[in-house]
Amino acid sequence: MKTIRQVFGKAFAFIIILTILCGGVYTFAATGIMQLIFPYQANGSISEVNGQKYSYLLGQEFTADNHLWGRIMNIDTGTYTDDNGNPVMYASPSNLSPASDEYKSLVAERVAAIRSAHPEKEGVPIPVDLVTCSGSGLDPHISPAAAYYQAERLARNTGKTVAEVQSIIDQYTEGRLFGIFGEPRVNVLKVNLALDGILQ
Amino acid sequence: MTNTILQYVLYLVILVVLAIPLGNYIGKVMNGERVFLSRILIPCENAMYRLLHVDKEESMGWKKYAACVLLFSGFGFILLFLFHLLQGALPLNPEGLPGTSWHLAFNTTSSFVTNTNWQAYSGESTLSYFTQMMGLTVQNFVSAATGIAVLFVLIRAFTKVQEKGLGNFWVDMTRINLYVMIPICLVITIGLVWQGVPQNFNAYETVTLVEPITLEDGTVITEQIVPMGPAASQIAPKQAGTNGGGFFGVNSAHPLENPTPFSNLLEMISLLLIPVALCFTFGRNIKDKKQGRAIFIAMFFMLVLALGIIAVCEQSATPQLAQNGAVDISMIDQAGGNMEGKETRFGIATSSTWAAFTTAASNGSVNSMHDSYTPLGGMITMLQMQLGEVIFGGVGCGLYGMLAFAILAVFIAGLMVGRTPEYLGKKIEPYEMKMAVMVCLATPVGILIGSGLASLVPEVANSLNNAGAHGFSELLYAYSSAGGNNGSAFAGFNANTVFLNVTIGLVMLFVRFVPMIATLAIAGSLVQKKKVAVSAGTLPTHNALFIGLLIFVVLLVGALSFFPALALGPIAEYFQMLI
């Protein structure tokens, strides 16, 4: 009992001081310094093109025939609204087991839909990124294999040649870090803005 | 293929190469020796002691140290609990988020105070910036520091001879935060913001959708939300302190929480860095580096084994995904394999490595969704938590958990040869054994009782996202995560109900504080003992034989406790997958 009385006040004072230090001072100092050296990133990496704001970090859903398609998305329109109360889009992962019968039929449906949109690719296996939902639900990328798979369809629907489409894909492909870490990836939004002639 | 293997190898190499010097540094700091930051930090440290009227020469007995740990954690608990309930009235809340329910507040508070960071909520839709930074970030620092402090009490118990004092809680906590956690976290924060993690206090932004979405009721959605906040500064201690609670709901899979392979490298290495470093600190500070290395090798062996199994399972994917060859799961121009729940920029190698690291360390942050792993890949992540988080484990607590297993191992060896067991020159007697068993069995007891009870409650079935065996795995994973103070999830499981919030919260508190107090009690007893001279009859605890025995004991306790439960979940699902 005596021990507890001795340390009672100190324990309380200590958590208050550490809250101020590790919560307040640390966070505000980090924010101040980061706003100074990396203002674009610190404010969410939002880019403006032709007067419209875009985020290249967050995935969007593309289903039109003249656009590059990304990962399967699980769209959420019920959680967030803009300043005027209109719903805005967000997304979440599927969290489905890839070993169940339900999953098997789900993927089969996706395969059928992609097959019918890509008659040029008859008999070619579909890259796995095109039939799976990502980890965040907001993956902005697709693998080079999955992007190339769509080149003929994009050429047909945009009036560009297959080579032109492929060169746009290559332009927005990022490689591995130091050639080693992570995976090569194509930014879907950038490719689509380029296909639409918005991004040069 | 070559590149993939190279990634696995390099991740492990970078980890160990950085951990060795850090281990040395932490050892010096905790002994009060000079380090390169001393010039700047000694004045801060002394100011802290003056402010708190701390006598830094005081050395506490184990009971006083335990009282400090419990009271400090208790006050931290009350403060954080209040922040959750009252956040609607507190500042830094541009989204106008209301206070949370009492049971979610209880669950989240238990979770962050115990270094678990299990999350039954999504940060961006539930918590204000104030709660995140003044509440969660603070616990990210101090719950980690508490674990490390208790480890040092145990280390001192082995080095001191016939004394009572085990160190000063206030001094230990101050040093760990000032010299270790804050500098490491500042460096990580800079790297993360550079790569694109937000660090601001702005309201959420909206950006244009290229293809508007039309809902069934005719509403057209033209914009997407971009969540904001002081994210990077919270993600840094979340990784470095084996906390794991994401700023955003989907944790480090979120492109704003982990935008590039570089941010991923930074986060993934830092999540296991301090736990690995502490093995080397241990060897250094007990003045027998071989002992630290032996513990390290035992842990590292199990980590590599787990990583190997996860990697192979995820790369092979499942027949349900491969669709008889209609889906290309090869590694040509893509990561291939089971990409369900994984990000393109991370692919299989980087996701599997993270999954192995985060469940080995009791970190629990994720960069891919474990719920969507293959049955056996997912089972390994679960098993690593069920083994009691001793494969490196949480900062501090992983190592003291492993030392309890080492005590168990010398005891078993002692029984075989009929000698009084001793570890690092201290005799292991019934009292130490009882306490070590409490440390080792708290996790299995917490997990099995928790998940056993939950499977009897009918309403829990509504929380499951998948049917059948995988549904049971979701439930078992939830309690394994709580029972290992890990915090990762099979995230399809909706854990935000009164029953689950309360029971999971209680499991987390039980498995954090029971082993912690038992460890302090072991230290309190060992520190008073004489050093036994090494003789021909002493069991060496640094050679291959002992390392093998230690691994065997860890796996044995885990397998005996969890085989039946695993057979009903992931193993059943595996066989269903093959049919």
Side-chain angles (χ1 to χ4, degrees), chain A residues 3-4 7 11-13 15 18-19 22-23 27 30-31 34 38 41-46 52-55 57-58 60 62 64 77 79-80 82 87-90 93 95 97-99 103-104 111 125-129 131-132 134-136 138-139 141-145 177 181-183 185 192, chain B residues 64 67-68 71-72 75-76 125 133-134 137-138 141-142 189 193-194 196 198-200 206-209 221 223-226 228 230 233 250 253-255 259 261-262 265 318 320-321 326-329 333-335 338-345 347 368-369 371 375 465-466 470 491-492 577:
Chain A
T3 330
I4 290 175
V7 297
F12 183 73
I15 186 70
L18 285 178
T19 298
C22 301
T27 310
T31 310
M34 292 302 112
F38 301 119
Q41 293 96 314
N43 289 312
S45 309
I46 289 168
Q52 299 281 1
K53 290 196 274 186
Y54 297 104
S55 167
L57 289 179
L58 298 184
Q60 302 192 3
F62 294 98
T77 53
T79 309
Y80 299 93
D82 64 7
V88 289
M89 172 254 171
Y90 204 54
N95 279 315
S97 160
Y103 188 77
K104 188 177 179 182
V111 166
I126 301 167
V128 65
D129 281 18
V131 297
T132 49
S134 67
S136 60
L138 289 160
D139 191 347
H141 299 115
I142 196 114
S143 64
L177 173 70
F181 302 112
E183 301 295 331
R185 59 211 181 272
N192 286 329
Chain B
K64 184 165 182 186
C68 290
L71 279 170
F72 176 76
F75 282 123
S125 62
M133 65 183 263
M134 299 302 279
T137 306
V138 172
F141 278 101
V142 302
T189 304
V193 178
W194 175 41
Q199 181 68 31
N200 60 51
T206 51
V207 293
T208 311
L209 288 178
I221 295 175
E223 289 185 315
Q224 169 179 31
I225 193 116
V226 183
M228 295 283 161
S233 63
V250 291
H254 199 291
F262 183 78
L265 181 68
T318 64
Q320 286 76 5
L321 177 57
V327 173
D328 177 12
I329 54 166
D333 273 341
Q334 62 170 1
N338 172 25
M339 284 299 288
E340 183 67 35
K342 296 189 183 66
E343 299 282 291
T344 301
R345 63 191 179 284
S368 57
M369 291 298 125
D371 210 349
N465 186 48
N466 285 277
H470 194 82
M577 173 183 95

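The sequence lines fix the lettering, A, B, ..., with proteins before strands; numbering per chain opens at 1.
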| task | Select, from B:Gln224, B:Met133, B:Met369, B:Met134, the one with the greatest count of heavy-atom pairs under 4.5 Å involving chain A. | result | B:Gln224
| Side-chain touch A:Met89/B:Ile225, heavy atoms, less than 4.5 angstrom | no
| task | Report yes if the side chains of A:Ile126 and B:Asp328 come closer than 4.5 Å at any heavy-atom pair, otherwise no. | result | no
| message | Donor-acceptor check, side chain of B:Asn465 to backbone of B:Asp371, threshold 3.5 angstrom: yes or no? | response | no
| message | Please classify the contact of B:Val250 with chain A as side chain, backbone, both or neither, using a heavy-atom distance under 4.5 Å. | response | side chain
| field | Top of B:Ala335, B:Pro259, B:Pro375, B:Pro230 for chain A proximity - count of heavy-atom pairs under 4.5 angstrom | value | B:Ala335
| said: Among A:Pro87, A:Pro98, A:Ala13, which residue has the highest count of heavy-atom pairs closer than 4.5 Å to chain B? | reply: A:Pro98
| query | Roughly how far, to the nearest 0.5 Å, is CD1 of A:Ile15 from CZ of B:Phe75? | reply | 10.0 Å
| request: Specify which of A:Ile142, A:Thr77, A:Val128 makes the most heavy-atom pairs with chain B at under 4.5 Å. | output: A:Val128
| field | Contact winner vs chain A - B:Val226, B:Val327, B:Ile329, B:Thr137, heavy-atom pairs under 4.5 Å | value | B:Val327
| request: Evaluate the side-chain proximity of B:Thr318 to B:Asn338: yes if any heavy-atom separation is below 4.5 Å, no if none is. | output: no
| message | Is B:His470 in contact with chain A via its backbone, its side chain, both, or neither, using a 4.5 Å heavy-atom distance? | response | side chain
| task | Measure B:Val142 against the heavy atoms of chain A and call it side chain, backbone, both or neither at under 4.5 Å. | result | side chain
| request: Would you check if A:Phe12 and B:Phe72 make a side-chain contact, meaning some heavy-atom pair closer than 4.5 Å? | output: no
| field | Contact leader toward chain B among A:Pro125, A:Ala145, A:Ala42, A:Ser45, where contacts are heavy-atom pairs under 4.5 Å | value | A:Ala42
| task | Mind running side chain to side chain donor-acceptor pair (under 3.5 Å) on A:Tyr54 and A:Gln60 for me, showing each step along the way? | result | CA-CA 10 Å; A:Tyr54 297 104; A:Gln60 302 192 3; over 6 Å; no
| chain A interface, residue from B:Gly196, B:Ala67, B:Gly347 that has the most non-hydrogen pairs under 4.5 Å | B:Gly196
| Which heavy-atom pair separates B:Arg345 from B:Ala253 by the least distance, and what is that distance? | NH2-O, 3.1 Å
| Test item: side-chain donor near acceptor, A:Ser143 and A:Glu183, under 3.5 Å | no
| message | Can you tell me which portion of A:Phe181 sits under 4.5 Å from chain B's heavy atoms? Options are side chain, backbone, both or neither. | response | both
| Under a 4.5 Å heavy-atom cut-off, does chain A meet the side chain of B:Met228, its backbone, both or neither? | side chain
| remark: From the list A:Leu138, A:Ile46, A:Thr132, the residue making the most non-hydrogen contacts under 4.5 Å with chain B is A:Thr132
| request: With a 4.5 angstrom heavy-atom cut-off, could you sort out which part of B:Lys64 is near chain A: side chain, backbone, both or neither? | output: both
| Is there a donor in the side chain of B:Glu343 and an acceptor in the side chain of B:Ser368, or the other way round, less than 3.5 Å apart? | no
| message | Do A:Met34 and B:Trp194 make a side-chain contact, defined as non-hydrogen atoms from C-beta onward lying under 4.5 Å apart? | response | no
| remark: Under 4.5 Å to a heavy atom of chain B? For A:Thr79 that would be side chain
| remark: Given A:Ser97, A:Ser55, A:Gly23, A:Gly44, the one with more heavy-atom pairs under 4.5 angstrom with chain B than any other is A:Ser97
| message | Quick check on A:Asn43 against chain B: is it the side chain, the backbone, both or neither that has a heavy atom closer than 4.5 Å? | response | both
| Does any heavy atom of chain A fall under 4.5 Å from the side chain of B:Leu321, the backbone, both, or neither of them? | both
| request: Mind ranking B:Lys342, B:Met339, B:Glu223, B:Glu340 by heavy-atom pairs under 4.5 Å with chain A and telling me who comes out on top? | output: B:Glu340
| Note, A:Ser136 side chain near B:Pro255 side chain (heavy atom, < 4.5 Å) | yes
| said: Let's test your reading of the structure: which of A:Asp129, A:Val111, A:Asp82 forms the most heavy-atom pairs below 4.5 Å with chain B? | reply: A:Asp129
| query | chain A heavy atoms under 4.5 Å from B:Phe141: which part of the residue, side chain, backbone, both or neither? | reply | side chain
| field | Pick from B:Thr189, B:Thr206, B:Leu71 with the largest number of heavy-atom pairs that fall under 4.5 Å of chain A | value | B:Leu71
| said: Please give me the minimum heavy-atom distance between B:Thr344 and A:Arg185, naming the atom from each residue. | reply: CG2-CB, 4.0 Å
